[in-house]
Each structure stands twice: as C-alpha cells, then as structure tokens.
Amino acid sequence: MKNRLKVLRAERDWSQGDLAERLDVSRQSVNAIETGRYDPSLPLAFKIAELFDLAIEDIFTSPSKTV
Amino acid sequence: MRQANRRYLNRFIPSMTCYAVFLLGSNMLEAAYAPTGAPLIALAILPALPIIAVIWAMGMAIVEQPDEYVRAKLIHAMLIATALMLSVMTVWSFLEDTGAVPHKPVHLAFPLWCAGLLVGQVWLWARDRIAGREA
C-alpha cells in the first residue's frame with residue numbers, strides 16, 4: 001500500500017530507527033511499511049496516524065484509488 | 001521483541017539439552033536391558049518429548065512476538081519450510097514407490113522442516129536487504 005511515511009518522517013528529521021522507537025516496532029517494520037512491502041494492521045495504522053496527528057487516509061493511499 | 005526472543009531461547013536450549021540427554025539415555029538403556037512392551041515404548045517416546053517441546057516453543061515464539069511484521073515474516077518462513085518439507089517428502093514417496101530410493105527416514109521430517117525454516121528466513125532476510133537498499 002502506497003504511503004507518505006517516508007516524507008512525513010523526513011519532515012521531522014526522524015530516522016527509521018527514531019520512528020520505530022516512537023511506534024514501539026522494529027526498524028525493519030518501518031522499512032517494510034515505507035517501501036509498501038507490508039501493510040500495517042489497523043491498530044498500527046491508527047498508531048502511526050496519531051503519532052503524526054493526521055487521519056489514516058492522509059498517510060496511506062487506498063489501493064482502490066491507486067489503480 | 002528481545003524479550004520474546006529471550007523467552008524462546010529459554011525454552012529452546014533446555015529442550016534441546018533434554019533431547020540430547022534423553023536420546024543418549026534411551027539408547028543406552030535399550031542396549032543394556034533390551035526392554036520389551038510398555039518400557040520399550042516409553043523409552044522410544046522419551047526423546048520425542050523435548051522435540052515436541054521445541055515445536056511448542058516455536059509456536060509460542062509466534063504467539064508472543066509483539067512486532068506484527070516480524071511475526072508475519074516468521075509465519076511466512078514457516079510456510080516456506082512446510083512447503084519445502086512436503087515437497088521433498090512427496091518426491092521421495094514417489095521415488096520410493098519405484099524402488100529407486102530406500103524407505104524415507106520419517107524422523108528426519110522435523111530437522112528437514114527446520115532446515116526449510118532457515119532457508120525461508122535467509123530468503124526473507126535477503127529480500128528485505130535488497131528492498132531496503134532500493135528504498
């Protein structure tokens with residue numbers, strides 16, 4: 001699933017490790033989500049959205065809208 | 001995540017130690033006393049119990065893994081291991097039917113599955129490394 005995680009992270013000057021620490025997940029999880037190899041669960045997606053103070057759809061692009 | 005790994009090792013290492021002790025002990029007792037009936041069955045089953053404990057520890061490693069991506073990757077690696085083991089056993093069975101190979105050593109199924117798990121984990125690790133470099 002496409003997302004703006006890398007951009008949002010860069011805006012805050014956070015490394016993948018910094019974001020992983022804030023989300024309480026591994027750095028490889030952040031990398032996999034950023035590169036679209038892994039779609040986070042709904043609870044993790046909410047956690048990400050709350051961290052950036054945005055709505056989920058402001059971070060993740062619905063697969064039906066990318067076609 | 002580290003706690004989950006530590007818990008896994010705390011279960012895995014004693015189980016494998018028990019396996020080595022039970023296997024050696026069971027073989028020695030069988031050779032020394034040539035038991036029959038129930039004692040023989042008990043001795044034969046004894047080394048299998050720690051292996052079952054290892055299988056349980058592997059299951060718990062998934063259940064207790066707090067990182068959902070790591071958990072998904074572990075399950076993926078286990079599916080690769082299962083597919084490899086079933087494939088090898090299926091091919092072996094057909095070869096066995098023709099008499100080209102001896103009867104398959106069924107007790108090697110779990111070690112074979114573990115080897116498949118290693119292959120799966122290396123494969124997924126390499127995939128992540130390549131994808132991480134491209135990102």
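Lettering follows sequence order; numbering is per chain, from 1.
- Within residues 76-105 of chain B, no residue has any heavy atom less than 4.5 Å from a heavy atom of chain A.
- Contact between B:Glu68 and A:Tyr38 at its shortest, heavy atoms only, is OE2-OH, 2.9 Å.
- Rounded to the nearest 0.5 angstrom, B:Leu9 CG and B:Asn5 CG are separated by 7.0 Å.
- Within a 6.0 Å sphere centred on CG of A:Asp18, other residues, nucleotides and ligands contribute more than 12 heavy atoms.
- The backbone N or O of A:Leu23 sits less than 3.5 Å from a side-chain atom of A:Lys47, completing a donor-acceptor pair.
- Heavy atoms closer than 4.5 Å to chain B are found nowhere in A:Pro43, neither backbone nor side chain.
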- Task: Walk me through it: do B:Tyr69 and A:Arg37 pass the test side chain to side chain contact (heavy atoms under 4.5 Å, CB included)?
- Result: CA-CA 10 Å; B:Tyr69 177 64; A:Arg37 296 195 322 280; 3.5 Å; yes
- Task: Start with the C-alpha gap between A:Arg27 and A:Leu19, add the side-chain angles, then the distance that decides, and say whether side chain to side chain contact (heavy atoms under 4.5 Å, CB included) holds.
- Result: CA-CA 8 Å; A:Arg27 196 197 60 80; A:Leu19 180 57; over 6 Å; no
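- Close approach to chain A, defined as a heavy atom under 4.5 Å from one of its heavy atoms, is seen in no residue of residues 31-57 of chain B.
- Nearest heavy-atom pair across A:Ser29 and B:Asp67 is OG-OD1, 2.6 Å.
- Summarising the geometry of A:Met1 relative to A:Pro63, their closest heavy-atom pair is SD-CD, 4.0 Å, with the distance given to 0.1 Å.
- Between B:Asp128 and B:Lys73, at least one side-chain nitrogen of the basic residue sits less than 4.0 Å from a carboxylate oxygen of the acidic one, meeting the salt-bridge criterion.
- Formation of a donor-acceptor pair under 3.5 Å by the A:Asn31 side chain with backbone atoms of A:Gln16 is not found in this model.
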